[in-house]
Trainee: 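Structure in structure tokens, see below.
The basis for the numbers below is simple: all heavy atoms, side chains too, and nothing from hydrogens, waters or symmetry mates. Naming: A, B, ... by sequence-line order, numbering from 1 per chain.
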There are 4 protein chains.
Amino acid sequence: MTNNEPKLTKKQIAILEAATDLFAEKGYAGTSTSEIANKAEVAEGTIFKHFKSKKGLLLAVVSPMMVKWLAPMIKKDLNKVLDQEFEYIQDFIRAMIENRKEFIQKNLPMLKILVQEIPFHPDLKEKFIEYVGNDIFDKLREIVKYYQDKGQLADMKTDTIIRTVATSILSYIVARYVFLPEANWDDEEVETERIIQILESGIIQNK
Amino acid sequence: MTNNEPKLTKKQIAILEAATDLFAEKGYAGTSTSEIANKAEVAEGTIFKHFKSKKGLLLAVVSPMMVKWLAPMIKKDLNKVLDQEFEYIQDFIRAMIENRKEFIQKNLPMLKILVQEIPFHPDLKEKFIEYVGNDIFDKLREIVKYYQDKGQLADMKTDTIIRTVATSILSYIVARYVFLPEANWDDEEVETERIIQILESGIIQNK
Amino acid sequence: MTNNEPKLTKKQIAILEAATDLFAEKGYAGTSTSEIANKAEVAEGTIFKHFKSKKGLLLAVVSPMMVKWLAPMIKKDLNKVLDQEFEYIQDFIRAMIENRKEFIQKNLPMLKILVQEIPFHPDLKEKFIEYVGNDIFDKLREIVKYYQDKGQLADMKTDTIIRTVATSILSYIVARYVFLPEANWDDEEVETERIIQILESGIIQNK
Amino acid sequence: MTNNEPKLTKKQIAILEAATDLFAEKGYAGTSTSEIANKAEVAEGTIFKHFKSKKGLLLAVVSPMMVKWLAPMIKKDLNKVLDQEFEYIQDFIRAMIENRKEFIQKNLPMLKILVQEIPFHPDLKEKFIEYVGNDIFDKLREIVKYYQDKGQLADMKTDTIIRTVATSILSYIVARYVFLPEANWDDEEVETERIIQILESGIIQNK
DNA sequence: GATGAATGAGTCTTCATTCAT
DNA sequence: GATGAATGAAGACTCATTCAT
């Protein structure tokens with residue numbers, strides 16, 4: 001967890017970047033390794049030297065996103081919560097969205113790949129669950145509990161609350177960045193506040 | 001609704017069903033025409049006799065869903081709205097979800113295909129917009145206006161309201177039926193009410 | 001040989017005409033039976049009812065040309081020669097070209113097919129030789145002999161003379177109608193005379 | 001002439017040779033790429049690695065013939081003409097036939113392919129015209145003019161003379177090597193002299 | 001006689017993967 | 001490590017031919 005980034009060579013980075021772009025644009029099954037080699041300006045064989053198979057390349061593209069994005073997202077913010085840095089849950093949600101904004105935009109293709117390919121790759125799904133399901137979900141439950149105890153969250157089932165918040169956020173991200181990127185959206189801050197406002201008057205007990 | 005389905009033969013239906021299942025399961029690009037032929041128990045050539053190309057088959061799978069589901073969904077309910085059958089917007093939303101429930105479950109694979117393939121097929125997107133964007137969106141705007149005038153909807157931008165309601169519903173459908181079908185969900189009625197409740201306290205002005 | 005044209009039905013004629021056009025335009029191997037059916041406005045099965053196979057259709061297209069064109073060409077003119085109607089060989093050659101002109105132009109596609117497909121179909125070649133080699137060639141030899149005896153033809157080998165005349169005529173036809181139809185050629189009469197003139201001062205002894 | 005053949009590998013040569021033989025024997029449309037692969041003893045994929053498509057292979061087979069045969073044929077001999085090496089046009093024609101004899105025999109299949117496929121491939125025709133029509137035709141006109149000025153050629157239209165000589169030569173080549181290779185021809189020298197003799201007494205003014 | 005749906009072998013082409021250099 | 005030529009299985013698609021209606 002400390003230094004798992006084992007010094008990628010220039011070629012490896014080029015391959016990963018090319019693969020990320022192409023997988024996001026045309027899907028995993030719709031992208032050929034020769035296209036990737038071409039875009040990365042390496043020989044086709046080089047890809048297989050570093051990532052044993054095409055599937056291995058997909059995992060290499062998608063894994064760091066799970067490790068670097070989802071895990072830290074919770075770990076960091078959870079600590080802040082417990083350190084009393086977020087008195088109100090609104091602040092926690094806002095932070096979760098705000099802090100990742102940059103990362104989301106930079107890694108949008110990876111996210112797109114993740115969302116699009118998970119249904120077709122059981123092993124991807126497993127890996128995803130391995131990180132999110134068991135590790136993060138537990139911590140999210142702690143957080144929900146924390147705010148429920150503070151009286152800031154409705155007394156619904158924990159999982160329902162998590163689901164509601166998660167889908168509120170994800171639906172916005174998916175809609176804005178994956179399905180309708182060309183629609184004229186409001187500023188991100190405005191949309192963020194709208195999500196919070198909706199959640200606030202909805203499942204969040206004010207007072 | 002009367003006779004637009006120009007008598008599909010048994011084989012055509014078998015092909016469409018096999019294609020629908022396989023596209024949903026493994027994605028369009030990940031499914032081979034020989035697999036489809038195999039599952040439909042027809043010769044591979046038969047597929048191409050009826051649907052000029054693999055892409056043509058995809059459109060044949062997905063088009064009726066747009067024509068039969070989305071268009072009627074609005075047309076019928078819009079009339080009911082204007083006929084004063086839905087005094088409260090909650091009833092309208094409930095009806096939209098309730099009425100389609102059966103159709104959604106029956107045509108879930110199609111919906112899954114639509115959601116998953118739209119990003120990769122500009123022509124699919126166009127066809128989708130052709131049905132939803134220009135025809136249906138306009139009518140949705142009318143409905144929103146109608147309830148805004150009645151004071152039942154917040155005074156936000158029309159499009160924002162539509163988006164919020166739509167993503168609330170879609171996020172539930174996608175989460176429940178596409179991404180996490182094996183999670184233990186509450187009864188559909190309960191979830192439906194939850195959506196309405198969230199929307200109610202959120203963007204819907206009570207009183 | 002008397003009435004071998006066994007009353008062709010309308011559909012049969014349509015098929016033969018469509019096949020002739022398409023074979024000439026795209027070659028035998030490059031034309032599909034469905035294209036032919038399409039152009040002839042009959043069902044694909046109908047083609048096979050009448051002409052057992054695609055190859056059978058080719059033979060049906062090409063055979064009459066050999067029977068109707070080459071055989072009569074000689075028979076008729078040979079008689080005229082022997083009836084003293086052509087005192088000079090020039091008249092005989094001129095007649096051969098003149099008389100067939102209409103037929104050539106009307107049946108150009110068939111001729112094109114014959115020339116183009118003979119190298120690929122041993123049975124076609126055999127059929128051709130059956131008509132030309134054994135039947136016609138013998139009669140041509142008679143004619144050459146006849147004019148050689150009259151002192152109008154050089155004392156070369158009979159076959160060489162036939163070859164020379166034949167290639168002179170054929171090279172003109174092939175060049176004009178098959179390879180370079182769009183070049184600006186002189187009137188047919190002028191070209192005909194040119195062929196004769198060249199043959200005249202070449203292999204034909206004047207006086 | 002020095003290094004335009006950019007080092008063909010053994011496999012590429014094997015493919016080109018197999019394709020040349022098969023195209024000549026069965027025609028382009030009548031030959032399958034798997035047959036070619038088989039004969040060349042390479043994998044089918046290898047063909048497409050080197051020649052992007054079947055059509056590309058056809059061009060690769062036929063192009064060098066145009067570049068190496070037709071262009072040099074004229075260029076070399078034209079210079080000799082202008083260098084006064086051929087005082088009489090007979091010598092020029094004889095040289096044209098003689099010098100190429102070896103090449104013709106070695107590349108007969110290619111020539112056969114060229115003749116047979118040009119009618120079906122507009123792009124082949126264009127390429128052919130590009131080399132023969134504009135480059136060589138002009139030079140041929142110069143040569144004709146040259147000998148007309150010397151009084152050795154009849155005062156006909158330049159193009160007619162070229163056509164006559166060309167068809168005289170081509171008809172002989174096509175007849176001897178393409179259509180009737182098994183007929184008992186005289187020695188090549190004898191036939192060559194015959195062509196010249198016919199042309200001589202025909203269009204060539206013997207002072 | 002005529003149809004056209006159905007077939008499955010065969011076509012051209014692409015692809016992930018390997019391996020000698 | 002890096003290459004890219006080579007592979008052959010698999011892909012989408014076409015075709016001549018058959019047969020029940």
Trainee: How many Å lie between CD on B/Glu41 and C1' on E/dA5, as a whole number?
Mentor: 18 Å
Trainee: To the nearest angstrom, how far is B/Leu22 atom CG from F/dA12 atom P?
Mentor: 12 Å
Trainee: From the options D/Glu17, D/His50, D/Lys49, select the one residue that forms a side chain to side chain donor-acceptor pair (under 3.5 Å) with D/Gln12.
Mentor: D/His50
Trainee: Do B/Ser63 and B/Lys127 have a side chain donor and acceptor closer than 3.5 Å?
Mentor: yes
Trainee: Do you know the tightest heavy-atom contact between C/Thr20 and C/Pro109?
Mentor: CG2-CB, 3.7 Å
Trainee: Does B/Lys54 count as lying over the ring of B/Tyr28, i.e. NZ or CZ under 6.0 Å from the six-ring centre, within 45 degrees of the axis?
Mentor: yes
Trainee: Just the rounded figure in Å: distance from C1' of F/dA12 to CZ of B/Phe51.
Mentor: 16 Å
Trainee: Once you round it to whole Å, what is the distance between C1' of F/dT7 and CD1 of D/Ile15?
Mentor: 12 Å
Trainee: In whole angstrom, what separates B/Leu58's CG from F/dA12's P?
Mentor: 13 Å
Trainee: Salt-bridged, D/Glu35 to D/Lys26, with N to O below 4.0 Å?
Mentor: yes
Trainee: Give the nucleotide from the list E/dG8, E/dA2, F/dA2 with an atom nearest to the side chain of B/Ala43.
Mentor: E/dG8
Trainee: Identify each atom pair where a protein N or O and an N or O of nucleotides 15-18 of chain F are less than 3.5 Å apart, giving names and distance.
Mentor:
from: F/dA16; atom 1: OP1; to: C/Thr31; atom 2: O; distance (Å): 3.3
from: F/dA16; atom 1: OP1; to: C/Lys54; atom 2: NZ; distance (Å): 2.7
from: F/dA16; atom 1: OP2; to: C/Thr33; atom 2: N; distance (Å): 2.6
from: F/dA16; atom 1: OP2; to: C/Thr33; atom 2: OG1; distance (Å): 2.9
from: F/dT17; atom 1: OP2; to: C/Lys54; atom 2: N; distance (Å): 2.7

Trainee: Figure out the NE2/C1' separation between D/His50 and F/dT7, and round it to whole Å.
Mentor: 11 Å
Trainee: Write down the partner of F/dA16 under the Watson-Crick or G-U wobble criteria, each distance required to be under 3.5 Å.
Mentor: E/dT7
Trainee: Whole-Å distance between E/dT21 P and D/Lys11 NZ?
Mentor: 12 Å
Trainee: Partner lookup for F/dT21, please. Criteria are Watson-Crick or G-U wobble with both distances under 3.5 angstrom; report none if nothing qualifies.
Mentor: E/dA2
Trainee: Figure out the CD1/P separation between B/Ile47 and E/dA5, and round it to whole Å.
Mentor: 16 Å
Trainee: Do B/Thr33 and B/Glu44 have a side chain donor and acceptor closer than 3.5 Å?
Mentor: yes
Trainee: Would D/Leu58 and D/His121 satisfy side chain to side chain contact (heavy atoms under 4.5 Å, CB included), going step by step from the backbone distance to the final call?
Mentor: CA-CA 10 Å; D/Leu58 173 63; D/His121 304 272; 3.8 Å; yes
